[in-house]
Amino acid sequence: MAAGEIDSETRPETRAPRRVVLERRAAADLPYPAFLRDYVARNRPLVVENALPACPAGQRWTPAFFRERFATKRIQVSPSEQMTFADFIDAVLASREDAPGPYMYRLFIGPHMPELLPDLEPLNPYAFPRRLASPLMPRQWRRPDGYLKLLIGGIGGRFPFLHYDLENAHATITEIYGDKEFILYPPEDGAYLYPKQEMPNQSTIPDVQRVDMQRFPLYAQTTQYYTVLHPGDMVFVPSRWWHGARALSPSISICQNVLDESNWGGYVDELCSRKSGLPEAKRHAKRAYLTVLGGVLSMLERWPRGSAASGAAGRVARLAPVTYAEAGDSTTWAVADWKAR
Ligand SMILES: O=C(O)CCC(=O)C(=O)O
């Protein structure tokens, strides 16, 4: 079925959401500037096929690789559960649709497994974190890897809650091994997804595969964008788009956040909101600072290509992918591990 078509088979009666097949484009037909212009700037999702360049991760990241190389390493699989990699991979391989195993969804590679970083070079250019990597970003907000995370799960394992990312971030999820079902809902469907009071970026609907329509009747009014990610595919999840994932086979992927002019305003709003807990004067000062910084970055990003100063502007704003090694010591990149992103 073509992108954008409604899959009527999945809507036998009106109490099911409308389902739309997510658009796909081959990387070879989607130059990076066109991706920025037609998708990032327009907050429009898509799958970029073959986004992952030929890199060691694509060749050797398999469940067996992680089981052998990191067997005794203890990892935090969920907020309440630690396991060795060997036990975790065994549970992933034993996972079944009717008895899903664990799904690891918050392992930040830079601070916890920096030895994996060279496997991801050359970088996927579409996942480049842009302003998060800019040397002009103050240190506490700078994150040259875009909060790079490793996600691993087995058949039926899924990201534990439907959510959108905090700090108004765009996200990219690149499939490296296996297949994963991915669903998205546009920001305006938030009202039909029953957000948690204390965490409004997370839905209270426990499982969108089996929605209790008595309890969540408004869910029928959503539009679900659906795709299956295969190795090399990258889904672009624009800011405030709700999303969730479920492994169809043992699956290994990475997730990265992107910040640029398109989502800067919401980023500043969130960082400077009352909920930040900062005193009023500090919030205003922070907003003023970030607003000026956003203006400077926009100017550098728009600098006409080919002009004498464009190379320098690009270097200062760091508009092009950098290697992780170039970006500095990854173990020091600040991160609150269990902060929902
Ligand atoms: O692929 C997935 O499991 C979803 C990842 C995700 O949404 C996230 O880490 O925020």
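Just so you know, these numbers use all the heavy atoms, side chains as well, and skip hydrogens, waters and symmetry mates. All of these numbers come straight from a predicted model, not from anything done at the bench. Counting starts at 1 for both ligands and their atoms, in listed order.
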Practice problem: Return yes or no for this condition: an N or O of Y103 is under 3.5 Å from an N or O of ligand 1. | Solution: yes

Quiz prompt | Contacting atoms of ligand 1, where contact means under 4.0 angstrom from a heavy atom of A245 | solution = 1 (O), 2 (C), 3 (O)

Quiz item: Hey, is R106 touching ligand 1 through its side chain, its backbone, both or neither, going by heavy atoms under 4.0 Å?
Solution: neither

Quiz item: Side chain or backbone of H243 under 4.0 Å from ligand 1, or both, or neither, by non-hydrogen atoms?
Solution: side chain

Quiz item: Are W61 and Y177 close enough that their ring centers fall under 6.0 Å?
Solution: no

Practice problem: Report the relative orientation of the aromatic rings in F85 and F88; use parallel for angles under 30°, tilted for 30 to 60°, perpendicular for over 60°. | Solution: perpendicular

Quiz prompt | Those atoms of ligand 1 less than 4.0 Å from some heavy atom in K149 | solution = 8 (C), 9 (O), 10 (O)

Quiz prompt | side chain to side chain contact (heavy atoms under 4.5 Å, CB included) partners for N50, two or more places apart | solution = none

Quiz item: For the residue pair W141 and Y289, does the interplanar ring angle fall in the parallel (under 30°), tilted (30 to 60°) or perpendicular (over 60°) class?
Solution: tilted

Quiz item: Under 4.0 Å from any heavy atom of K180, which atoms of ligand 1 are there?
Solution: 1 (O), 2 (C), 3 (O)

Quiz prompt | Which of the ligand 1 atoms, numbered from 1, are nearer than 4.0 Å to a heavy atom of C255 | solution = 8 (C), 9 (O)

Quiz prompt | Per-residue contact class, V237 against ligand 1 - non-hydrogen pairs under 4.0 Å | solution = neither

Exercise. Side-chain contact test, heavy atoms from C-beta onward, threshold under 4.5 Å: evaluate it for L271 versus K286 and give yes or no.
Key: yes

Exercise. For Y103, check side-chain hydrogen bond (donor to acceptor under 3.5 Å, both in side chains) against everything at least two apart and list the hits.
Key: K180

